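Reading through the structure tokens given below for one structure.
Everything numeric here is computed off the predicted structure, so don't read it as measured data. These values consider heavy atoms only, across backbone and side chains, with no hydrogens, waters or symmetry-generated copies.
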Amino acid sequence: MKVALYARVSTRDQTEDNQLIRLRQVATARGYEIVGEYADCASGADAKRPALDRMRRDAKAGKFTRLMATKLDRLARSTVNLADLVADLDRWNVGLELLDQPIDTTTPTGRLTTVILGAVAEFERELIRDRTRDGLARAKAQGKTLGRPRRQLTPYQRDKLRAIMAEDPDISIRALSARMEGISRTRLAELIKEEALR
């Protein structure tokens with residue numbers, strides 16, 4: 001049987017390797033022929049993902065007859081997106097096999113289970129979003145600064161900036177920014193004003 005493997009992580013801090021290693025091991029143990037591996041770094045709520053889109057094209061072209069993933073939420077965290085994907089796979093005669101959830105989409109019960117688990121994944125995502133929003137609102141109400149701290153000049157950068165401006169008092173912010181690598185023009189202008197360097 002020709003199979004494709006799909007893995008997804010949400011952030012660059014994570015790696016899809018763990019999922020792919022498990023999928024390869026199971027596919028090999030079952031005697032499947034792996035004809036494609038697809039991995040995305042994106043939110044499961046995104047319907048459009050580069051590797052997922054490529055996998056869908058290959059499935060439609062009949063390059064494999066089974067798609068394997070570790071969990072349903074690796075494929076989609078929206079019930080609508082999941083239902084669309086499962087319907088497409090069914091239309092293209094591609095079965096879906098999940099390692100951590102015993103689902104066989106070739107049966108009506110399997111398709112129903114898929115939709116129910118997709119709804120649960122979407123509900124979980126909404127709860128996470130609500131908790132995050134509540135946490136941010138609480139932090140803001142407590143006067144905490146949100147986001148990354150604003151960039152400040154290091155002593156070396158401050159000395160360099162002073163030397164450049166002493167050499168050419170009329171230098172433009174654009175020219176200064178080109179010589180002060182890693183600091184945007186906007187932030188550089190703010191820093192010059194904050195530190196009364198001009």
[X] side, atom [atom1]; [Y] side, atom [atom2] - distance, nearest 0.5 Å:
| X | Y | atom1 | atom2 | answer |
| --- | --- | --- | --- | --- |
| Arg57 | Lys63 | CZ | NZ | 9.0 Å |
| Met68 | Leu99 | CE | CG | 5.0 Å |
| Leu191 | Leu161 | CG | CG | 8.5 Å |
| Thr70 | Asn18 | OG1 | CG | 10.0 Å |
| Leu5 | Tyr38 | CG | OH | 9.0 Å |
| Gln157 | Asp159 | CD | CG | 10.5 Å |

Between [X] and [Y] (side chain of the first, backbone of the second, donor and acceptor by atom type, cut-off under 3.5 Å), is there such a pair?
| X | Y | result |
| --- | --- | --- |
| Asn93 | Thr65 | no |
| Gln14 | Thr11 | yes |
| Asp40 | Ala51 | yes |
| Arg8 | Ala39 | no |
| Arg24 | Gln19 | no |

Is it true that [X] and [Y] make a salt bridge, defined as a side-chain N closer than 4.0 Å to a carboxylate O?
| X | Y | result |
| --- | --- | --- |
| Arg22 | Asp17 | no |
| Arg56 | Asp53 | no |
| Glu16 | Arg74 | no |
| Glu190 | Arg187 | yes |

Is it possible for you to say whether [X] and [Y] belong to one hydrophobic cluster, with membership spreading through side-chain heavy-atom contacts below 4.5 Å?
| X | Y | result |
| --- | --- | --- |
| Trp92 | Met1 | no |
| Ile21 | Val26 | no |
| Tyr32 | Val35 | no |
| Val3 | Val94 | no |

Look at atom [atom1] of [X] and say whether more than 12 heavy atoms of other residues, nucleotides or ligands are closer to it than 6.0 Å.
| X | atom1 | answer |
| --- | --- | --- |
| Lys160 | NZ | yes |
| Arg185 | CZ | no |
| Arg138 | CZ | no |

Problem - Exercise: identify the closest heavy-atom pair between Leu23 and Ala69 - result: CD2-C, 3.6 Å
Exercise for the section: For the residue pair Arg49 and Tyr6, confirm or rule out a side-chain donor-acceptor distance under 3.5 Å. Expected result: yes
Practice task
Apply side-chain contact (heavy atoms from CB on, under 4.5 Å) to Thr15 and Val9, showing your working.
Solution key: CA-CA 7 Å; Thr15 177; Val9 292; 5.7 Å; no
Problem - 4.5 Å side-chain heavy-atom contact, Leu75 and Leu96 - result: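 With C-beta onward as the side chain, the pair touches.
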Practice task
Report yes if some heavy atom in the side chain of Arg131 is under 4.5 Å from a heavy atom in the side chain of Ile128; otherwise report no.
Solution key: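 Arg131 reaches Ile128 side chain to side chain.
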Completion exercise
Across all chains, not counting sequence neighbours, the side chain to side chain donor-acceptor pair (under 3.5 Å) partners of Asp84 are none
Exercise for the section: Start with the C-alpha distance between Leu85 and Met55, add both sets of side-chain angles, then the distance that settles side-chain contact (heavy atoms from CB on, under 4.5 Å), and finish with yes or no. Expected result: CA-CA 11 Å; Leu85 176 61; Met55 182 275 296; 4.2 Å; yes
Exercise for the section: Decide yes or no on side-chain contact (heavy atoms from CB on, under 4.5 Å) for Ile173 and Ile192, but give the supporting numbers first. Expected result: CA-CA 10 Å; Ile173 291 294; Ile192 289 170; 3.8 Å; yes
